[in-house]
Number of protein chains: 2
Amino acid sequence: MFAIGEASKRSGVAIETIRYYEREGIVIKPARGDNGRRAYSEKEIGQLRFIKRCRDLGFTIKDAQALLSLGEQQDENCKIAHDMSKAHLESVREKIESLRQLEKALEELMGNCASGNLQCPLLDRLHAD
Amino acid sequence: MFAIGEASKRSGVAIETIRYYEREGIVIKPARGDNGRRAYSEKEIGQLRFIKRCRDLGFTIKDAQALLSLGEQQDENCKIAHDMSKAHLESVREKIESLRQLEKALEELMGNCASGNLQCPLLDRLHAD
DNA sequence: CTTGATCCTGTAGTTACTACAGCATTTATA
DNA sequence: TATAAATGCTGTAGTAACTACAGGATCAAG
């Protein structure tokens, strides 16, 4: 069994975040030692690591929980996980696209705006009716 | 003078959001009619529109306020606005890049995961030590 | 005169954490 | 063994930028 600091190091999840996950019921409560301190098993640390990976991939906590619970069933798991990932991938692609447009708009806005101007075309554009 | 609903339509900022901006001191308080209702001038509506445009471009509220206040000074405005936009553009590009990596990781994760599997490679990867 | 639209204030919820304060306990060092 | 540093605990509040009511007042149209 591992203390919370060790669980944090092994899973990559910050200590405060681990306690937050517990408060919110995102992970089950770990056992406590005689001193009242949390004691994590390898399996519990694995779950934290799983959630961390999902979050790093941009899944929401809810999605991470859903994906985690798939591990405990047997049927259709792969299809469900695949579908969730597909939906997520699509939303990632949409975000990329809208950021690209934003990039373009900013580039355009900055285009004819040199440093020495007194009347700023960039600000003018933002102010226009 | 225009009521808040009209100001919302003309600026594109939602009514609740306009009141929120006022509460937070992001815009100055508009005049009130005898009935106690908010009354907006063209200029105030213009400011709301300005903030809306900045937000749509991904600037923070703080940046939007800073850019707005540049309109009331005379010197160096263009350089400051340009620099802020440049910094913002860079952060947009960083976001795009990290989303691209995420896209790639998701694609890879989904790659060898067909719908019929009982043991899901995608979930396995997420669970791996 | 009634109905529906619009407006008001005030409060709480959203997402996923992060940052203390104030205290108890444990581990390492002298 | 005494002390200092590290780690742990609970509980609360803050972050960004809104959004969503509840419960009421007022206004405009027919």
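Below, chain A is the first sequence line, B the second, and so on; all start at residue 1.
- Checked against D:dG8, C:dC7, C:dC17, the side chain of A:I61 finds its nearest nucleotide in C:dC17.
- Note: CZ (A:R32) to C1' (D:dG8) measures 10 Å, nearest angstrom.
- Put simply, the residue from A:E90, A:H88, A:R93 that forms a side chain to side chain contact (heavy atoms under 4.5 Å, CB included) with B:L106 is A:H88.
- A straight line from CD of B:Q65 to P of D:dA16 spans 12 Å, rounded to a whole angstrom.
- Between B:R32 and B:E22 a salt bridge is recorded (basic side-chain N to carboxylate O distance below 4.0 Å).
- In terms of position on DNA chain D, the residue among B:T60 and A:G36 whose nearest nucleotide sits closer to the 5' end is A:G36.
- A salt bridge links A:E97 to A:R100: one of the charged nitrogens lies within less than 4.0 Å of a carboxylate oxygen.
- Rounding to whole angstrom units, CD1 of residue B:I26 and P of D:dA17 are separated by 8 Å.
- Residues B:K62 and A:R37 each lie close to DNA chain D; by heavy-atom proximity, the contact nearer the 5' end of the strand is made by A:R37.
- Look at CG on B:D63: it is 12 Å from P on D:dA16, rounded to the nearest Å.
- Interatomic distance, A:R23 CZ to A:T17 OG1, rounded to the nearest 0.5 Å: 9.5 Å.
- When rounded to the nearest whole Å, the span between CD1 of A:I4 and P of D:dA6 equals 19 Å.
- Taking a cutoff of 4.0 Å between a charged side-chain nitrogen and a carboxylate oxygen, A:E108 and A:K104 do not qualify as a salt bridge.
- Projected onto DNA chain C by closest heavy-atom contact, B:K9 and B:R38 fall at different nucleotides, the more 5' of which corresponds to B:K9.
- What you find for A:M84 and A:A66 is that their closest heavy atoms are CE-CB, 4.0 Å.
- Put simply, CD on B:E6 is 14 Å from P on D:dA28, counting in whole angstrom units.
- Annotation: ring pair (Phe, Tyr, Trp, His ring centres under 6.0 Å) contacts of B:F2 (sequence neighbours excluded): none.
- Taking a 4.0 Å limit (strictly below) on heavy-atom distances, residues 14-24 of chain A reaches DNA chain D at A:I15, A:R19.
- Listed pair B:N35 / D:dC27 meets the phosphate criterion, a side-chain N or O lying under 4.0 Å from OP1 or OP2.
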